[in-house]
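Take a look at the structure set out below.
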Amino acid sequence: MQTLTLSNILHQHFPDALHFSLLKSSKTHQETQQLHAFSLKTGVFSHPSLSSRLLSLYADPNINNLRYARSVFDRIQHPSLVLWNIILKCYIQNQQSHEAISLFVLCLACAKLTALKEGKQIHGLVLKLGFGLDKFVQASLVYLYSKCGKIGSGYAVFDQMDEKDLVSWNSLLDGYARCGEVKAAMKVFDEMPEKDCFSWTVLIYGLAKCGEELVSWNTMINGYMKAGDTNSACKLFDQMPTRNLITWNSMIGGFKLNLRFLEALEMFERMLEEEFRPTHATLVSVISAVSGLASLGTGRLIHSYIVKNGIELDGVVGTVMIEMYSKCGGIDSAVTVFRTISHKKLGHWTAIIVGLSIHGMADHALKLFLEMRRIGVKPNAITFVGVLNACSHVGLINDGHKYFNMMINEYGIKPAIEHYEAKDIIEEMPMRPNKVIWMTLLSGARNHRNTKIGEYAAQHLIELAPETTGGYVVLSNMYAVAGEWEKVSEVREMMKKRGLRKDSGCSSIEHKGVVHNFIVGDKSHPQTKEIYSKLAEMREKLKLAGHVPDTSQVLLYIEEEEEKEAELENHSERLAIAFGLINTEAGCPIRIMKNLRVCSDCHSVTKLLSKIYRREIIVRDNSRFHHFKDGLCSCKDFW
């Protein structure tokens, strides 16, 4: 049984009579408040006629109670445009500071109702009141016109905005998408400084609406890749009914962007199997992925494909090909590629100069730099990074200063962080040195066994970037070489307290498409027995050649000299060299990649081994390449 209440009785039997009587009789502020209280008490407030009359009465200039008007307005679930106008006028006549917010809400309401006529009236009122440049109002107007399909008017407002927020960008994007202007929508999307889920949804909806389903799929894949969500991109890729070249490029480029180089190459393989012909964009991503893996063999295969298919190397493909060979240890091949490019551009010159510099081939790098200038190619800041590094890697201090001054005075290039190295130059830098600069100075001090400068650099590095593990490690190693074991313990204790761990030394060598990794004292390799047998052979040959182990390079506190020598013999690069001597043909170069700096003893040993076994041994450590040949190193013992 329904409970009889005053509200029920009024609703069921006397609604119209009650409303008519109350609405007609209420005129004063007191009468309006009585009507308001009665409507809430009896539950009849929700009747549209009553709530509208209450709002009108409170907003009437004779009563003009903004607080009560807003209270009534907020209780109305679906206010009409008339009611929006009433509340707006009430704000204006009370000269409140919240007009912009009110107008913002009002514009949104008009947009939702696609009330273009009323929206234009509001726009005129906004200009009349002097709120035309208010960013909230402008954003609302862009939203209004876009929703109403008047994208031209929306863009005109958008174009006048000094500060364009994400809401404004999304509103403009939505407007173009709704009007079916796909190219304009994609242009806006590309220009957006930031994007959210709504941005992607609007674009994809617009593309699908215009029959561009495949473009929608590709856009989503590209979005997932840029957001780092490779798993979702892969799922979407597998679900696609059809794919085009853009699809493959998005996947390959996305994997490269997210440093998933192996997956990028696997995707390229699948692409070729499905008989898609790669574009220059495809090849740039693939070659860059090869550089990331430092896989020279794979790089040569890609190069063969390019030559076989008659693809020119004059553009960016040539640049990344030079960079790839340089980073994979094939500097001779990098030079060959450079020489075969008929129309050399700045990118090609810069790539080969930088490549030669990291391989310690300063003379060749500087010669090419002079040739480049002679034919009128203007160097940029990156070119000078290569030139200055070339001088740095072989100790050409005077030449370094000469080219540094040339960069500033002749070419007007403002020095960046990468152009500085030594302590005296660092102290005169116009900008604050970053962690790379301090790390460079610390490494240089370690190389020259200058503990004082090393401590100076380490102090600044740790203050600037206390999470940089390498700084503690280099400082600890420098103390170990100097025999200051108490300070070694202090540095290691500091690392422990800060939760930092040293990376283990690891050396890798590629053989027949397989990368073999070794750590210090590694005995996990299938060829361990043969490797340690070769190490013993190497030890005997080194003794006959007069090598005396530099046990100061043992960074552990070990008292016995024999134990120190055994520790040195088991360094990861020596295991990799032994593997290379066993498995590669006589006369073939041995290429090794190491994640840490080569120690002085291993450097001396590798020079001797290159002469004893008549092999070129190329080692890339964490800062540069070393080419060991005939008992010499390309770094000229300066690294």
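Values below: all heavy atoms of this structure, side chains included; hydrogens, waters and symmetry mates excluded. Model, not experiment: these values are computed from the prediction.
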>> Looking at every heavy atom in both Thr468 and Tyr472, which two are closest together, and how far apart are they?
In response: O-CD1, 3.3 Å

> Would you say the side chain of Arg591 lies within less than 4.5 Å of the side chain of Ile509, judging by non-hydrogen atoms?
Replying inline: no

> Between Phe628 and His603, what is the ring plane arrangement, given parallel below 30°, perpendicular above 60°, and tilted in between?
Replying inline: perpendicular

>> Determine whether a donor-acceptor pair (N or O, by modelled atom type, separation under 3.5 Å) exists between the side chain of Glu510 and the backbone of Leu296.
In response: yes

>> Can you list everything that forms a ring-ring contact (aromatic ring centres under 6.0 Å, His included) with Tyr479? Sequence neighbours excluded, please.
In response: none

> Listed by chain and number, what are the salt bridge (charged side-chain N to carboxylate O under 4.0 Å, His left out) partners of Glu616, not counting sequence neighbours?
Replying inline: none

>> Donor-acceptor check, side chain of Arg615 to backbone of Cys588, threshold 3.5 angstrom: yes or no?
In response: yes

>> Measuring only between side-chain heavy atoms, which start at C-beta, is Met192 closer than 4.5 Å to Leu166?
In response: yes

> Which atoms form the tightest heavy-atom contact between Leu596 and Asp621, and what is the distance?
Replying inline: O-CB, 3.2 Å

> Arg260: what forms a salt bridge (charged side-chain N to carboxylate O under 4.0 Å, His left out) with it, not counting sequence neighbours?
Replying inline: Glu263

> More than 12 foreign heavy atoms under 6.0 Å from CD1 of Ile246: is that the case here?
Replying inline: no

>> Keeping His348 on the side-chain end and Lys345 on the backbone end, is there a donor-acceptor pair under 3.5 Å?
In response: yes

> Tell me the side-chain hydrogen bond (donor to acceptor under 3.5 Å, both in side chains) pairs involving residues 354-369, sequence neighbours left out?
Replying inline: His359-His627

> For the residue pair His511 and His516, does the interplanar ring angle fall in the parallel (under 30°), tilted (30 to 60°) or perpendicular (over 60°) class?
Replying inline: tilted

> When you check the side-chain N and O atoms of Asp601 and Ser604, is any donor under 3.5 Å from an acceptor?
Replying inline: no

> Quick one: does NZ or CZ of Lys534 land under 6.0 Å from the six-membered ring centre of Phe579, within 45 degrees of the ring axis?
Replying inline: no

> Among all residues two or more places apart in sequence or in another chain, which pass the side-chain hydrogen bond (donor to acceptor under 3.5 Å, both in side chains) test with Thr298?
Replying inline: Ser295

> With a 4.5 Å heavy-atom cut-off, do Tyr325 and Met321 have their side chains touching?
Replying inline: yes

> Does any non-hydrogen side-chain atom of Tyr613 lie less than 4.5 Å from one of Met538?
Replying inline: yes

> Which heavy atom of Pro379 sits nearest a heavy atom of Leu346, and at what distance?
Replying inline: CA-CD1, 4.0 Å

>> For the NZ atom on Lys629, are there more than 12 heavy atoms of other groups (residues, nucleotides or ligands in this structure) within a distance under 6.0 Å?
In response: no

> If you measure from CD1 on Ile302 to CG on Leu265, what distance do you get to the nearest 0.5 Å?
Replying inline: 6.5 Å

>> One pair to check against side chain to side chain contact (heavy atoms under 4.5 Å, CB included): Leu609 and Lys541. What are the steps and the verdict?
In response: CA-CA 9 Å; Leu609 291 175; Lys541 289 182 179 290; 5.9 Å; no

> In Å, rounded to the nearest 0.5 Å, how long is the span from CD1 of Ile592 to CZ of Phe518?
Replying inline: 9.0 Å

> What residues, two or more places apart in sequence or in another chain, satisfy side chain to side chain contact (heavy atoms under 4.5 Å, CB included) together with Arg373?
Replying inline: Phe369, Leu370, Met406, Glu410, Tyr411

> Looking at residues at least two apart in the chain, or sitting in another chain, which of them share a salt bridge (charged side-chain N to carboxylate O under 4.0 Å, His left out) with Arg498?
Replying inline: none

> Rounded to the nearest 0.5 Å, how far does CG of Leu542 lie from CG of Leu608?
Replying inline: 6.0 Å

> Checking side chain to side chain contact (heavy atoms under 4.5 Å, CB included) for the pair Val598/Glu573: CA distance, chi angles, key distance, verdict?
Replying inline: CA-CA 8 Å; Val598 175; Glu573 57 265 56; 3.9 Å; yes

>> Could you walk me through whether Tyr305 and Val286 satisfy the side chain to side chain contact (heavy atoms under 4.5 Å, CB included) test, starting with their C-alpha distance in whole Å, then the side-chain angles of each, then the deciding distance to 0.1 Å, before giving a yes or no?
In response: CA-CA 12 Å; Tyr305 174 88; Val286 170; over 6 Å; no

> Could you state the interatomic distance from OG (Ser476) to CH2 (Trp485), rounded to the nearest 0.5 Å?
Replying inline: 8.0 Å

> So, the side chain of Arg620 versus the backbone of Lys327: is there a donor-acceptor pair under 3.5 Å, distance only?
Replying inline: yes

> Under the 3.5 angstrom rule, does the side chain of Asp399 hit a backbone N or O of Cys391 as a donor-acceptor pair?
Replying inline: no

> Looking at Trp169 versus Phe189, is the centre-to-centre ring distance below 6.0 Å?
Replying inline: no

>> Are the side chains of Ile322 and Ile341 in contact, using a 4.5 Å heavy-atom criterion?
In response: yes

>> Could you tell me if the side chain of Leu313 sits less than 4.5 Å from the side chain of His303, heavy atoms only?
In response: yes

> Ser610 and Gly631: which non-hydrogen atoms are nearest, and at how many Å?
Replying inline: OG-N, 3.1 Å

> Just wondering, do Val354 and Asn389 contact through their side chains at under 4.5 Å, heavy atoms?
Replying inline: no

>> Please enumerate all residues that pass side chain to side chain contact (heavy atoms under 4.5 Å, CB included) together with Ala362, with sequence neighbours excluded.
In response: Ala390, Val394, Leu396

> For residues 307-316, which residue pairs qualify under salt bridge (Lys or Arg N to Asp or Glu O under 4.0 Å), counting only residues two or more places apart or in two chains?
Replying inline: none

> Of all heavy-atom pairs between Asn222 and Ser250, which one has the smallest distance, and what is that distance?
Replying inline: CB-OG, 4.5 Å

> Do Ile221 and Met251 pass the side chain to side chain contact (heavy atoms under 4.5 Å, CB included) test, and can you show the C-alpha distance, the side-chain angles, and the key distance before you say yes or no?
Replying inline: CA-CA 7 Å; Ile221 286 175; Met251 290 298 292; 3.6 Å; yes

> More than 12 foreign heavy atoms under 6.0 Å from NZ of Lys164: is that the case here?
Replying inline: yes

>> Let me confirm one number: the CD-CG distance from Glu569 to Leu575, rounded to the nearest 0.5 Å.
In response: 10.5 Å

> If we only count heavy atoms from C-beta on, is the Ile311 to His280 side-chain gap below 4.5 Å?
Replying inline: yes

>> Strictly by side-chain hydrogen bond (donor to acceptor under 3.5 Å, both in side chains), give each pair with a member in residues 281-294 just once, sequence neighbours left out.
In response: Asn249-Thr282, Thr279-Thr282

> For Lys487, which residues count as a salt bridge (charged side-chain N to carboxylate O under 4.0 Å, His left out) partner, sequence neighbours excluded?
Replying inline: Glu455, Glu484

>> Looking at every non-hydrogen atom in both residues, tell me the closest pair between Gly329 and Ile618 and how far apart they are.
In response: O-CD1, 3.7 Å

>> For the CG atom on Asn398, are there more than 12 heavy atoms of other groups (residues, nucleotides or ligands in this structure) within a distance under 6.0 Å?
In response: no

> Could you state the interatomic distance from CZ (Phe404) to CG (Asn409), rounded to the nearest 0.5 Å?
Replying inline: 9.5 Å

> By ring-ring contact (aromatic ring centres under 6.0 Å, His included), which residues pair with Trp248, not counting sequence neighbours?
Replying inline: Phe237, Phe276

> With a cut-off of 6.0 Å (strictly less than), are more than 12 heavy atoms of other residues, nucleotides or ligands near CD of Glu486?
Replying inline: no

